[in-house]
Number of protein chains: 2
Amino acid sequence: MTEQLEQFLTLTIRATQDDLGKILSCFKVRQIAKNEILLNDTETCRHIYFINSGSVRAYFIDEEGNEATRYIAFENNFITTLNSFITQTTSTEFLQATENGEVMAISYQDFRQLLSILPIWKDLYIKQLEIAYTTNTWRLESFIKMDAKQRYDYLFETNPKVIQRLSNKIVANYLGITQESLSRLKGKK
Amino acid sequence: MTEQLEQFLTLTIRATQDDLGKILSCFKVRQIAKNEILLNDTETCRHIYFINSGSVRAYFIDEEGNEATRYIAFENNFITTLNSFITQTTSTEFLQATENGEVMAISYQDFRQLLSILPIWKDLYIKQLEIAYTTNTWRLESFIKMDAKQRYDYLFETNPKVIQRLSNKIVANYLGITQESLSRLKGKK
DNA sequence: ATAATTTTTTATCATTTGTCAATGTTTATG
DNA sequence: CATAAACATTGACAAATGATAAAAAATTAT
């Protein structure tokens, strides 16, 4: 079950066999069922997850009690609630499996441990932070300058998995609109 | 002119006097005039700026030719166009001074150099990435779940400098709405 | 100080999106 | 397989926001 993560690491950083071993031994496999909650908004986020298969979303609930999806991770990506994880304080977000699948989890302690002993792990962390920041920025830009239809089209171009594999409810949520609006959107040209 | 950055570094990381010297010697002071363009969307971003005084915004121009402001940095913060800077490819964004002020600039070469010789610089970079990511995420959340009025109130609470020091045009731009909408917004309760 | 320019406000109207309700469809479960 | 539950679509209407135009106010330049 570690092959996939190993391959990902090999493609991402230049790690020795020894480094790889140390890293992989920190990750534990976990099967996830669709709709399963991996993190509650009352808990502290103790893990970073690498997705072998399936998908996981991060969402929160606003004052009116509506869900809002911040991020969706598919296979070969990491997901966590970074602020809660870094500071080890209560999360304001949920993590939920949006499909059946398999993840590899690394704990906060092991993550910190790897940071202190493996320079290459620090480099990987920097790279992932840069990717996460850049991805986030694009998404933010799409909200600043685009209307709902444009955001949908943009999503279709840049991340079609969201539309292809997940329910309209979650897609609408991710786009920041209601299901009804999404439904109408898809109708018109 | 380096005192401010020095103080910032002292508060943020545990650097020796020697580390501090190496870092500070990489930064060059530059006066900036309101409306001055620090980076054009046809250039590659060669610098990270630390703001001593004044403010700088990052914005882009969408298909319809409208400006959209992604981020505004005030004193004691860094600003750059990260993707262009990291990959040293053409930027899609502008950087523009929104007030008269003073910045400290570090070049891409010096930045890389510090990363390779100073572990503490890597730690600072990680910290700044974490902050940038988290800030970005909050801003993204505000767009997913809030309407314009709520975003305005939220901005007033979390980052009043934007409203207090910059023109409505830029505030509206930052909120992703038109000047006219902002004007109406401020009127009603 | 005056003129020119830019920014802000106000008004009207069009468009987009949200809300609510009803109905049809799919999916999960006993 | 049958039933319930969740999800998707559609319509009618309301609210929010954008577009355009014009006037008022503030800022900048001469």
Side-chain angles (χ1 to χ4, degrees), chain A residues 31-37 54-55 57 59 61-69 72 94 96-101 142-156 162-189, chain B residues 32-37 54-55 57 59 61-69 72 96-101 142-156 162-189:
Chain A
Q31 305 303 319
I32 53 173
K34 184 174 176 176
N35 296 326
E36 184 181 342
I37 299 289
S55 53
R57 70 172 178 138
Y59 71 97
I61 295 185
D62 66 22
E63 311 80 47
E64 283 106 41
N66 300 315
E67 293 183 3
T69 299
I72 302 172
F94 296 80
Q96 180 190 40
T98 36
E99 297 174 303
N100 294 324
S142 80
F143 274 95
I144 303 176
K145 73 175 173 192
M146 297 178 186
D147 63 22
K149 176 75 170 92
Q150 290 172 314
R151 287 206 298 281
Y152 178 79
D153 292 341
Y154 177 72
L155 181 61
F156 193 85
V162 173
I163 294 169
Q164 288 156 0
R165 287 163 48 177
L166 305 180
S167 71
N168 272 0
K169 192 179 173 182
I170 290 175
V171 175
N173 220 249
Y174 185 70
L175 290 171
I177 56 177
T178 60
Q179 292 176 66
E180 293 92 335
S181 291
L182 176 58
S183 196
R184 271 172 290 188
L185 231 63
K186 295 199 297 185
K188 66 176 165 187
K189 145 77 198 39
Chain B
I32 53 173
K34 184 172 177 178
N35 296 325
E36 184 180 341
I37 299 290
S55 54
R57 71 174 178 137
Y59 71 96
I61 296 187
D62 66 22
E63 313 79 46
E64 286 106 39
N66 301 314
E67 293 182 5
T69 299
I72 303 172
Q96 180 189 42
T98 35
E99 296 174 303
N100 294 326
S142 80
F143 275 95
I144 304 176
K145 72 174 174 190
M146 297 179 186
D147 64 20
K149 177 74 170 94
Q150 290 172 315
R151 287 205 299 282
Y152 178 79
D153 291 341
Y154 177 71
L155 180 62
F156 192 85
V162 174
I163 295 169
Q164 289 157 358
R165 286 164 48 175
L166 305 180
S167 71
N168 273 359
K169 193 179 174 181
I170 290 177
V171 175
N173 220 249
Y174 185 71
L175 289 171
I177 57 177
T178 59
Q179 294 176 62
E180 292 90 341
S181 291
L182 175 58
S183 195
R184 266 176 296 189
L185 234 62
K186 295 199 297 182
K188 68 177 163 187
K189 148 75 203 48

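Computed from heavy atoms alone, side chains included, the values below leave out hydrogens, waters and symmetry copies. Throughout, protein chains are lettered first and strands after them, A, B, ... in sequence-line order, and every chain is numbered starting at 1.
The terminal axes of the helix from C/dA1-D/dT30 to C/dG30-D/dC1, fitted over 5 pairs per end, subtend an angle of 60° to the nearest 10°.
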Identify the pairs formed between an N or O of the protein and an N or O of nucleotides 25-30 of chain C at a distance under 3.5 Å, and give each distance.
none

Short N/O separations, protein against nucleotides 10-12 of chain C, under 3.5 angstrom:
none

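Look at CD1 on B/Ile177: it is 19 Å from P on C/dT16, rounded to the nearest Å. The CD-P distance, from A/Glu67 to C/dG18, rounds to 16 Å in whole Å. For the pair A/Lys169 NZ and C/dG18 C1', the interatomic distance rounds to 17 Å; values are reported in whole Å. Atom P of nucleotide C/dT17 and atom CG of A/Leu182 are separated by 11 Å, given to the nearest angstrom. Taking atom CG on A/Asp153 and atom C1' on C/dT16, their separation rounds to 15 Å, with Å as the unit. Going from atom CG of B/Asn173 over to atom P of C/dT8 covers 12 Å, rounded to whole Å. Rounded to an integer number of Å, the gap from CE of B/Met146 to P of C/dG18 is 16 Å. Rounded to whole angstrom, the span from the CG atom of A/Asp147 across to the C1' atom of C/dA14 amounts to 14 Å.
Residue B/Ile144 comes nearest to A/Thr69 through the heavy atom pair CD1-O, 3.5 Å, listed as atom of the first residue, atom of the second, then distance. The two residues A/Arg165 and A/Gly54 have their closest heavy-atom pair at NH2-O, 3.5 Å. The shortest non-hydrogen separation linking B/Ser55 to B/Thr98 is OG-OG1, 2.7 Å. The two residues A/Ile72 and A/Val162 have their closest heavy-atom pair at CD1-CG1, 4.0 Å.
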Inset, instruction - Go through the steps for A/Gln150 and A/Asp147 under the test side chain to side chain contact (heavy atoms under 4.5 Å, CB included), then give the verdict. - result: CA-CA 5 Å; A/Gln150 290 172 314; A/Asp147 63 22; 3.3 Å; yes

Inset, instruction - Show the numbers, then the answer: is there a side chain to side chain contact (heavy atoms under 4.5 Å, CB included) between A/Ile177 and A/Tyr152? - result: CA-CA 10 Å; A/Ile177 56 177; A/Tyr152 178 79; over 6 Å; no

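Between chain B and DNA chain D, the heavy-atom contact criterion of under 4.0 Å yields a 5' to 3' nucleotide range of D/dT17 to D/dA21.
Taking the ring pair (Phe, Tyr, Trp, His ring centres under 6.0 Å) definition, one finds that A/Tyr59 meets it with A/Phe94, sequence neighbours left out. Take B/Glu64 and apply the salt bridge (Lys or Arg N to Asp or Glu O under 4.0 Å) test, not counting sequence neighbours, and it matches no residue.
With a 4.5 Å cut-off on side-chain heavy atoms, A/Leu166 and A/Arg57 do not count as touching. Side-chain contact between A/Gln179 and A/Asn168: absent, with no pair of heavy atoms (C-beta onward) separated by less than 4.5 Å.
Side chain of B/Asn66 to main chain of A/Lys145: no donor-acceptor pair is present (N/O by atom type, distance under 3.5 Å, no hydrogens or angles).
Here the straight-line distance linking atom OG of A/Ser142 with atom CZ of A/Arg151 works out to 6.0 Å at 0.5 Å rounding. Once rounded to the nearest 0.5 Å, the distance linking CD1 of A/Ile37 with CD of A/Gln96 reads 4.0 Å.
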